[in-house]
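Numbered from 1 within each chain, the chains take letters A, B, ... in sequence-line order.
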Amino acid sequence: MTNPVLMSAQVYAIGKNTFKEAVRSRVFYILLAFAICLLLFSYVLGFLAVGTIRKVVLDVGLSTISYFSAMTAIFVGIGLIYQEIEKKTIYNILSKPLPRSHFLVGRCLGLMSVLLVNLMAMMAVLSAVLVFVGGFTPRIFEAAFFIYLELMILTAVALFFSSITSPVVSALCTIAFYLIGHTSSALPDLLLPNITSDFGKRAILIIYHLLPDLNMLNINNLVAYNIPVAAGFTWRAVLYTGLMVSILLLAAGLAFKRRDLV
Amino acid sequence: MEEAVRIRDLNKSFRGHLSLSTHHVLRGVSLTVPKGVIYGFLGPNGAGKTTTLKILTGLLFPDGGEITVLGRTGASPKIRRRIGFLPETPYFYDYLTGAELLSFLGRLFGIPKAELADRSEVLLKSVGLENKGSVQLRKYSKGMLQRIGLAQALINDPELVILDEPVSGLDPVGRREMRDLILDLKAKGKTVFFSSHILSDAESICDEVAILMQGQVVKEGPLDKLLGSEIGFWDVTLRVGRGFQIPEGCSVLVQQDTQVLLRVEDEKSLEKVLDAAREAKAGIRAVVPHKSSLEDLFMAQLPGERAQ
């Protein structure tokens, strides 16, 4: 029986170390600086593009934050486990009384906290730009919340692949997941009108429900056009994220449980 | 005799690329490490030492066999609470300082923060890094990394300390310091199970050894018994008169006036030399047996080609 106090101390220690690892690496700051530059650039774009400055800054700003955060989650996430094995730092960790599942959860939570800080920094810059152009709306934090839900899923996906394969394969698989997740919602509209048989239609719907749907977590346009989110939608999104993260962590745990650390 | 580690018929193999070939690393390893001793696990590179230690610490899973550590079967997290482990050429998070590393790894044992700070300080001092606790590990030398590695292996005050090649890559001073630290652990009542291919170091500190060759233990037991049973040669000093005939089966190392120092390689020849000396009424000044060194014993176990 696992002692819950020890378990939380272990998960916290691994998470904190993962956080330290990221914030003490230059790559993290370079990515953050680049994203902030793009956010500032959205102000310049506002003058060049057709439409109001506010809408352009909101559109470009939220998209920039969404993409950069996703890229950070993917490219840091794919090395979460593999690099520990490659650099052999894992020998010192897993020879301690730390169940492997706690290690995975700690690494995952550590990266999620890095992404949260990253997201908050970028949101602060976007808020400043919006205040400057006179178009600030607190709804950008609603958009940020949904962006973060997506980041949690991407982190879990990257961690899952990192625990079973190399960074290159992990990157390809996680990017594929990201792309499928953002296009799967169009699948029924795209394919159903061309299929006549009931069986075919059912098969398409089953596939559609099995594929990840990350688009449901993208409310950037709703915020830009100030359209309210449907009632109950937030809870559904939170539940969906929780379910996805749990399944992925469980799968990663099972794959990693009996893995030889050569 | 209480046992710290008991391994029986341990087997481990690794599959090659695409699972086309299988490499058998351990082929029925059996050994017993008594409590409170320094136990040397010796063998050439690739013999399977690290694989065995990794199985003991839960990093690898055996194909077959049985391991008992501190009275419990397997290498569960519960058992690992009582073990300290220093991996071969330890790799650490180089962005952490020495003190941060000890604090981080100590938290994995659930040691409270306040207690950890005290323990870290004592350990840093005991491994000679008292002024380096706030330095990032990327600035540590190889010897310092090995010492902080030992400190982290002791953060939980373990009963059993497993060290994988602890003196490998260290300069003579570093090796001496590491040997002293290991002896100090024994004096504190800990069991030290360490692997090495540096035989002189092992010989100077081990109580018991096992020699592993190609995944099998070929010799095991207390060092004095293993070496004591195999006297390599005798040096005999005689005071002889003129005309003393040196018997067959020995060689003259030094001859000065009436003193002669002979080297005798086997027991029969020794008796012949002593009989000849008595007959010639020569004075037998000294008969000094020389035991085999660990290196002799080790070389004798090597398979044909390598031994040559």
Chain B contacts, top residue of A/L94, A/I90, A/L98, A/V5 (heavy-atom pairs, under 4.5 Å): A/L94
Neighbour count above 12 (heavy atom, 6.0 Å) for B/K190 NZ: yes
Can you check whether B/T89 reaches A/K88 side chain to side chain, under 4.5 Å on heavy atoms? no
Look at atom CZ of B/R8 and say whether more than 12 heavy atoms of other residues, nucleotides or ligands are closer to it than 6.0 Å. yes
Would one find more than 12 heavy atoms of other residues, nucleotides or ligands at under 6.0 Å from atom CD of B/E100? yes
Residue pair B/L108 / A/P97: nearest heavy atoms and the distance that separates them: O-CG, 3.8 Å
To the nearest 0.5 Å, atom OH of B/Y95 lies from atom CD of A/E21 at 4.0 Å
Closest heavy-atom pair and its distance - B/F61, A/K257: CZ-O, 3.4 Å
Please report the interatomic distance NZ(A/K96) to CZ(B/F85), rounded to the nearest 0.5 Å. 8.5 Å
Pairwise side-chain contact, A/Y91 with B/D164, heavy-atom cut-off 4.5 Å (strictly under): no
Report the distance from atom OG of A/S95 to atom CG of B/L86, rounding to the nearest 0.5 Å. 9.5 Å
Verify the neighbour count for atom NZ of A/K87: are there more than 12 heavy atoms of other residues, nucleotides or ligands below 6.0 Å? no
Of the listed B/L60, B/T57, B/I55, the one with the largest count of heavy-atom pairs under 4.5 Å with chain A is B/L60
Enclosure of B/E2 CD (heavy-atom neighbours >12, cutoff 6.0 Å): no
Taking atom NZ of B/K35 as the centre, report whether more than 12 heavy atoms of other residues, nucleotides or ligands fall under 6.0 Å from it. yes
Would you compute the distance between atom OH of B/Y93 and atom NZ of A/K20 and round it to the nearest 0.5 angstrom? 12.0 Å
Engaged part of A/R259 at the chain B interface, taking heavy atoms whose separation is under 4.5 Å: backbone
Only pairs of heavy atoms separated by less than 4.5 Å count here; which of B/K78, B/K54, B/R107 has the most with chain A? B/K54
Can you find a heavy atom in the side chain of A/R24 that is under 4.5 Å from one in the side chain of B/L96? yes
Within a radius of less than 6.0 Å around OH of A/Y12, do more than 12 heavy atoms belonging to other residues, nucleotides or ligands occur? no
Using distance alone, with no hydrogens and no angle criterion, decide if B/Y91 and A/E86 have a side-chain donor and acceptor under 3.5 Å apart. no
Heavy-atom pair with the smallest gap, counting every atom of B/F14 and A/D260: CE2-OD2, 4.2 Å
Flag the pair A/I14 / B/F104 as yes when at least one side-chain heavy-atom distance between them is below 4.5 Å, and no otherwise. yes
So for atom CZ, which belongs to A/F34, do other residues, nucleotides or ligands contribute more than 12 heavy atoms lying within a distance under 6.0 Å? no
Only pairs of heavy atoms separated by less than 4.5 Å count here; which of A/L6, A/N17, A/I93, A/V11 has the most with chain B? A/N17
